[in-house]
Amino acid sequence: MHSAILLSAGLLGLSVTGFLSSYRPVLLSLGSLVSLILPSHIVAMSTLLMVWGLDTFWSSRLQRQRQELNEQETELFLRRLSRMLKARGSLAYALDDLGRADSRIQLYAEPERVLDELSLQWSTDAIRVVASSAKWADRYGGSLENIIEHVIKHMALSRRWRFQRRLEEMTLESTVFILTLAPYVVLLLLKMAIPTFYGVFIGTGLGHVMLILSGIISFLVLQIFSWHIRNEVRP
């Protein structure tokens with residue numbers, strides 16, 4: 001029990017440290033507290049490793065969802081900007097009309113600064129390309145409208161490619177998620193249905209090895225998937 005308390009306190013401290021950094025734990029703090037009621041420190045350690053992996057995996061998926069939402073908003077904005085450019089013929093006038101219709105767009109005297117602020121807000125490659133192109137067009141001349149149309153077409157192609165890839169990834173991620181939880185669901189069922197066997201299992205050396213290996217494998221697999229997702233959405 002003392003080992004579980006120390007382990008829980010250590011991971012709780014880790015979750016607080018992560019909360020103060022770019023990593024935002026969702027389940028780790030709760031898992032650390034729940035482990036306090038587990039009588040076996042081996043079960044607590046294995047469960048916390050699994051919960052830590054799930055927490056990182058879940059946070060990475062949330063990050064990917066936010067990035068996809070930013071890309072959708074960027075594409076919608078660029079389509080509206082393209083229509084306004086055709087109608088008004090000036091980037092400043094087009095952004096002024098869009099700013100009046102959308103309170104999220106902060107207007108400035110320099111239209112390039114408006115695009116720079118949006119690139120910081122959405123953090124997508126598309127809006128950064130348009131913001132950089134607007135500066136070049138203002139300095140050396142050129143058609144910004146053609147560049148925006150090209151970026152929109154590229155975003156549409158990328159969106160279709162991501163959709164096809166996401167269907168395959170969702171199946172794989174769901175399978176990994178189920179296999180990660182399966183050993184602990186079985187362990188919980190054993191505790192409720194056959195408490196005597198459960199007590200013998202967690203009290204033997206073989207049971208300890210199986211529990212620790214289960215926790216380590218779950219943690220590593222989920223960390224690998226999380227790393228892949230974070231690399232996919234990294235700006």
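In what follows, every heavy atom counts, from backbone to side chain, and hydrogens, waters and symmetry copies are set aside. Just so it is clear, the structure is predicted and the values come from calculations on it, not from any experiment.
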Shortest non-hydrogen contact from I152 toward S82: CD1-CB, 4.3 Å
From CD (E145) to CG (L81), nearest 0.5 Å: 9.5 Å
Donor-acceptor pair, side chain of S174 and main chain of M170, under 3.5 angstrom: yes
Min side-chain heavy-atom separation L211-F201 under 4.5 Å: yes
Same cluster (ILVMFWY, side-chain, under 4.5 Å), L76 and L78: no
Euclidean distance, L213 CG relative to H208 NE2, rounded to 0.5 Å: 13.0 Å
Point-to-point distance, once rounded to the nearest 0.5 Å, from OG of S132 to CD1 of I147: 9.0 Å
Considering all heavy atoms, the nearest I127-L115 contact: CG1-O, 4.2 Å
Any side-chain heavy-atom pair of W136 and L144 under 4.5 Å: no
Steps toward side-chain contact (heavy atoms from CB on, under 4.5 Å) verdict (E68, T124): CA-CA 9 Å; E68 291 177 348; T124 60; over 6 Å; no
Within-4.5 Å side-chain heavy-atom neighbours: D55 and L222: no
No-hydrogen, no-angle side-chain donor-acceptor test under 3.5 Å, S119 and R128: no
Side chains of F57 and I229 in contact at under 4.5 Å (non-hydrogen atoms): yes
Beyond-backbone contact of I202 with Y198, side-chain heavy atoms, under 4.5 angstrom: yes
Sub-4.5 Å side-chain heavy-atom contact between Y184 and S214: yes
salt_bridge(D116, K135) N-O dist < 4.0 Å: yes
Gap between atom CZ of R88 and atom CZ of R83 - 0.5 Å precision: 15.0 Å
K153/E149 ion pair, N-O < 4.0 Å: no
SB check R159 E71 (cutoff 4.0 Å): no
Flag side-chain contact, heavy atom, 4.5 Å: L181 against L54: yes
Linked, directly or transitively: I212 and F219 (ILVMFWY side chains, under 4.5 Å): yes
Sequence neighbours excluded - salt bridge (charged side-chain N to carboxylate O under 4.0 Å, His left out) pairs with any residue from residues 171-186: R61-E173, R64-E173
Pairs flagged by ring pair (Phe, Tyr, Trp, His ring centres under 6.0 Å) wherever residues 75-105 is involved - sequence neighbours left out: F77-W122
Single-linkage hydrophobic cluster I178~M50, side-chain heavy atoms < 4.5 angstrom: no
Nearest non-hydrogen partners of R79 and A156, listed with the distance: NH2-CB, 4.3 Å
Distance-minimising heavy-atom pair for P183 and L179: CD-O, 3.1 Å
Gap between atom CD of E75 and atom OG of S158 - 0.5 Å precision: 9.5 Å
Cluster link I224 to L172, ILVMFWY, side chain under 4.5 Å: no
Separation of L187 CG from M192 CE (nearest 0.5 Å): 10.5 Å
Results of side-chain hydrogen bond (donor to acceptor under 3.5 Å, both in side chains) for S218 - residues two or more places apart only: none
Heavy-atom closest pair, residues V176 and T180: O-OG1, 2.7 Å
Test side-chain contact (heavy atoms from CB on, under 4.5 Å) applied to T74 and M155, step by step: CA-CA 9 Å; T74 299; M155 293 187 71; 4.2 Å; yes
Minimum heavy-atom distance between G53 and Q223, given as atom pair plus value: CA-NE2, 4.2 Å
Any R80 side-chain heavy atom under 4.5 Å of L98 side chain: yes
